[in-house]
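What follows is a single structure, written as structure tokens, with notes after it.
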Amino acid sequence: PEKVTTIGSQAFDGCDAMMGVFLSASNLSNCYPAFAGAGNNSKSITLRVNKTVKIMPRLMAGCKNLLEVIFDNDCRCTEIDAGAFAGCVKLNSVSFNEYIEKINSSAFANCYGLIRIYFPASLKYIAQDAFTDCDKLVEIYNLSNVEITAGDANIGKYARKVYSTGLSAVFKSGNFTFFVDNSTGKNEYYLMGINNKFATDITLPSSVIMYGSKVSDTYKIYDYAFA
């Protein structure tokens, strides 16, 4: 709620069944790794940000079952502070709105589940180490003026595709996510991971199905695909 100004370190540790966090505290000024250790027995945790104007340092750091972050359209959050989502190893979806302006150091470091991310036109600054060790972040859809180059040493280190127009090269095939890389002039298909992060048995697909049609009988399994 709006009256909350501080959330202490690991305040929700042991809340093993937690499935969602709705953040609307516009006066929040201190927030330590409050959700580390939360949701250990839940299928997933979704963070929905409403009125909060700034995501504080290490807010969700170490929340291992956080799968999704949504910034509501009317949310006026402009800044994501240092380490806010560091170590959220299963995070695979971040939906920014058109108000976000700044992403600080290590904000999404070690988010191994991120495959694709969208940067809106409102974004003015991204720390060079904001996405450190996001080994599977192969695609960046960038509408901002922040310069990002695929394969550079910083934000785009792991990216194979950085673009501002056109279609995504990431798609779902059955229970799996694939990426098609055509940077060499021919299509190469990579299995990036399984959509059900809590699956106990995995049967690899015999072919790649893209939008209902088989496109390949062969594919490669990407680094850390099932990590």
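We're numbering straight along the sequence, starting at 1.
Ile117 is not connected to Tyr158 by any chain of hydrophobic side-chain contacts under 4.5 Å among Ile, Leu, Val, Met, Phe, Trp and Tyr, and they are in different clusters. Note on Phe176: it does not cluster hydrophobically with Leu67, by side-chain heavy-atom contacts below 4.5 Å among ILVMFWY residues. Following chains of ILVMFWY side-chain contacts shorter than 4.5 Å, one cannot reach Ile140 starting from Tyr112, and the two form parts of different hydrophobic clusters. Under the 4.5 Å side-chain heavy-atom criterion for ILVMFWY residues, a single connected hydrophobic cluster contains both Tyr163 and Leu143.
Asp81 contributes atom CG, which lies 8.0 Å from atom NZ of Lys102 (distance to the nearest 0.5 angstrom). Between atom SG of residue Cys88 and atom CD of residue Glu68 there is a gap of 13.0 Å, rounded to the nearest 0.5 Å. In this structure, CG on Asp135 lies 7.5 Å from CG on Asp223, to the nearest 0.5 angstrom. Rounding to the nearest 0.5 angstrom, the gap separating the CD1 atom in Ile103 from the OG1 atom in Thr78 is 11.5 Å. Distance check: Thr132 OG1 to Ile155 CD1 gives 10.0 Å after rounding to the nearest 0.5 Å.
Using modelled atom types and a 3.5 Å distance limit, the side chains of Asn97 and Asn73 yield no donor-acceptor pair. No side-chain donor from either of Ser216 and Asn187 sits under 3.5 Å from a side-chain acceptor of the other.
You'll find the side chain of Thr177 reaches within 4.5 Å of the side chain of Asn195, heavy atoms only. Under the 4.5 Å side-chain criterion, counting only non-hydrogen atoms from C-beta, Tyr141 is not in contact with Val162. Between Ile80 and Phe108 the shortest side-chain heavy-atom distance falls below 4.5 Å. The shortest distance between side-chain heavy atoms of Glu101 and Glu79 does not fall below 4.5 Å. At least one side-chain heavy atom of Ile221 sits less than 4.5 Å from a side-chain heavy atom of Phe226. Under the 4.5 Å side-chain criterion, counting only non-hydrogen atoms from C-beta, Ser183 is not in contact with Arg160. Side-chain contact between Ser168 and Arg116: present, with at least one pair of heavy atoms (C-beta onward) separated by less than 4.5 Å. Here the side chains of Val180 and Tyr219 are not in contact, with every heavy-atom distance at 4.5 Å or above.
When every heavy atom of Lys136 is checked against every heavy atom of Gly113, the shortest pair comes out as CE-CA, 4.4 Å. Considering all non-hydrogen atoms of both residues, Ala159 and Ala150 come closest at O-CB, 3.5 Å. Nearest heavy atom pair, residue Phe71 against residue Cys77, reads CE2-SG, 3.8 Å. Of all non-hydrogen atoms in Asn175 and Asn196, the two that sit nearest each other are OD1-N, 3.8 Å.
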Query raised in the report: Are Val69 and Leu91 close enough, and set up right, to give a side chain to side chain contact (heavy atoms under 4.5 Å, CB included), and what steps lead you there?
Result: CA-CA 8 Å; Val69 178; Leu91 179 62; 3.8 Å; yes

Query raised in the report: Step by step, would you call Leu114 with Asn92 a side chain to side chain contact (heavy atoms under 4.5 Å, CB included)?
Result: CA-CA 4 Å; Leu114 281 177; Asn92 60 22; 5.6 Å; no

Query raised in the report: How far apart are the C-alpha atoms of Asn142 and Ser164, what are their side-chain angles, what is the distance that settles it, and do they pass the side chain to side chain contact (heavy atoms under 4.5 Å, CB included) test?
Result: CA-CA 5 Å; Asn142 183 30; Ser164 58; 5.7 Å; no

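Although no hydrogens or angles enter the test, the distance criterion places no donor-acceptor pair under 3.5 Å between the side chain of Asn182 and the main chain of Lys186. Asp72 places no side-chain N or O within donor-acceptor distance of the main-chain N or O of Asp74, the cut-off being under 3.5 Å.
Aromatic pair Tyr189/Phe178: centroids not less than 6.0 angstrom apart.
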Run the side-chain donor-acceptor check on residues 199-212: report pairs under 3.5 Å with partners two or more places apart or on a different chain.
none

Side-chain donor-acceptor distances from residues 118-127 under 3.5 Å, at least two apart:
{"residue": "Tyr118", "atom": "OH", "partner": "Glu98", "partner atom": "OE2", "Å": "2.7"}
{"residue": "Ser122", "atom": "OG", "partner": "Glu98", "partner atom": "O", "Å": "3.2"}
{"residue": "Ser122", "atom": "OG", "partner": "Ile100", "partner atom": "O", "Å": "2.7"}

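Cluster note: Met192 groups with Ile115, Val138, Val170, Phe179, Tyr190, Tyr222 through ILVMFWY side-chain heavy atoms spaced under 4.5 Å, whether in direct contact or through intervening members.
Within a 6.0 Å radius of CD in Gln128, other residues, nucleotides and ligands contribute more than 12 heavy atoms.
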